[in-house]
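Let me begin by presenting the structure, written as structure tokens, before commenting on it.
Since we're looking at a predicted model, the values are computed, not measured. Residue numbers begin at 1 in each chain, while the letters A, B, ... track the order of the sequences.
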Amino acid sequence: MKLVNNLYTYVWQGNDNNCNSYLFADVLKGNRHVVIDPGHITTPSYREPGLIKLFKEMEKDGIEGTTGLVILTHAHPDHCEAASMIREQNSALVALHEADGNIYKRSGGIVDIYLEEGELQLANGSQTRLQIYHSPGHSPGHITIYWPEEKVLIAGDVIFYRSTGRVDLPGGNAKTIKQSIERLSGLDINYLLCGHPYGHPGIIEGKEEVQQNFDFIKSHILF
Amino acid sequence: MEEEKIKSALEIAMEKVAKMADLTPQEIREQKEREYRPRGEVTANKYLSHVYKNVDLAVELNKYQGEEDEIVRKAFLSFLCRAIQLDEADKSLRAIEGIQALDIAFDFDRVKGEFEEISSAFNQEREKTYQKLEDSQREILNGLGISGSAVRPNVKENASFQNELNQMRAPYDMRIDKLKDKMLYLI
Ligand SMILES: [Zn+2]
């Protein structure tokens with residue numbers, strides 16, 4: 001579904017665990033797309049075809065052409081499993097933070113680009129300027145992606161609707177996720193896009209709603 | 001109980017001596033090699049992994065006499081020589097320092113200096129190769145529409161970097177091998 005400008009959201013609607021995916025359409029040369037967190041190829045418990053569902057939703061939105069870049073907010077399989085297949089089929093590149101690189105490579109993934117704190121520019125005539133934040137805590141190399149022009153934050157598994165990402169998985173850290181959330185809460189956000197539809201689609205719209213969500217998390221969960 | 005233990009240990013030793021009496025000098029030497037070489041290697045390994053400080057090393061190396069001493073020291077020396085590697089400067093310098101504990105008249109400072117010179121020239125050239133490939137990868141990414149300060153191409157795992165690196169390091173590896181050879185036959 002088109003959210004704003006050329007940003008599309010794909011909220012996971014299956015029964016098994018899988019992530020929400022996001023897509024910037026036509027932002028690379030040759031009108032290629034950028035996909036963020038393509039999720040599972042097939043979900044582990046109910047064998048739902050995650051990647052096929054994603055492709056079908058993209059088709060419904062009239063997204064044609066190929067993906068040139070897959071960005072992974074982190075290297076957990078429910079976010080990154082399909083990246084290798086997209087890479088292979090589309091000659092796409094895969095990008096993530098180096099601190100999650102080894103987990104990804106251990107699962108057979110190939111890393112083309114390491115993303116660090118800073119600006120990521122996507123150009124196809126016009127430019128889309130994104131800000132990459134290193135936001136560890138759920139995983140050591142978790143990144144969040146901020147689009148200042150539209151005030152969008154793609155938060156991965158750092159923040160959900162009224163909750164935060166788990167910190168009990170390998171590499172998780174309660175103290176650092178708190179710091180990451182504290183930092184992100186200072187951004188000017190109109191759309192907070194979460195990594196999972198936990199009890200809510202995970203697309204939190206409106207400055208006030210976003211603020212309330214941060215306030216809730218800070219007062220009820222973190223502090 | 002204790003007496004029985006001592007007895008059996010003695011018996012074992014006697015059996016060993018009896019067996020040795022049947023062996024040729026060559027076989028005796030080989031048996032000693034099998035027994036004492038690992039001792040030198042273990043000492044060297046413990047030293048490299050910082051289990052021993054230098055003072056312990058001297059004590060450890062002076063435990064043996066005659067042929068056994070020669071075997072242990074040779075094994076120690078060859079283990080440390082093998083540990084000298086182009087891209088492991090700290091470990092290599094520690095290995096050279098460890099060899100000094102053998103108390104052989106040899107210009108180890110010169111060897112250390114040579115190693116440092118080779119290692120630094122290699123690192124400089126490797127950095128240049130890395131930079132060259134990173135620049136060309138950035139250019140490719142630019143052409144695809146991907147750029148910015150957040151972007152760092154994964155050059156280290158790139159096949160062409162690995163190929164170039166392998167070609168580039170060959171003459172440095174040869175120089176390191178020569179350096180090792182100088183020390184390997186000191187005993
Ligand atoms: Zn996760």
Using a cut-off of 6.0 Å, state whether more than 12 heavy atoms not belonging to [X] lie near its atom [atom1].
| X | atom1 | value |
| --- | --- | --- |
| A:Lys56 | NZ | no |
| B:Leu186 | CG | yes |
| B:Asp107 | CG | yes |
| B:Arg110 | CZ | no |
| A:Met85 | CE | no |

Which region of [X], side chain (C-beta onward) or backbone (N, CA, C, O), has a non-hydrogen atom less than 4.5 Å from a non-hydrogen atom of chain B, or is it both or neither?
| X | value |
| --- | --- |
| A:Asp112 | backbone |
| A:Ile132 | side chain |
| A:Gln131 | neither |
| A:Leu93 | side chain |
| A:Glu119 | both |
| A:Leu122 | both |

Legend entry - Pairwise distance CG(B:Leu141) to CD(A:Gln121) - rounded to 0.5 angstrom: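 So the CG of B:Leu141 and the CD of A:Gln121 are separated by 12.5 Å.
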
Legend entry - Inter-chain contacts: residues 145-163 of chain B against chain A, heavy atoms under 4.5 Å: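 Near chain A, by residue number: B:Gly145, B:Ile146, B:Ser147, B:Gly148, B:Ser149, B:Ala150, B:Val151, B:Arg152, B:Pro153, B:Asn154, B:Glu157.
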
Inset, instruction - For each of A:Gly68, A:Ala95, A:Gly118, A:Gly30, tally heavy-atom pairs with chain B at distances under 4.5 Å, and name the one with the top tally. - result: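 Of A:Gly68, A:Ala95, A:Gly118, A:Gly30, A:Gly118 has the most heavy-atom pairs under 4.5 Å with chain B.
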
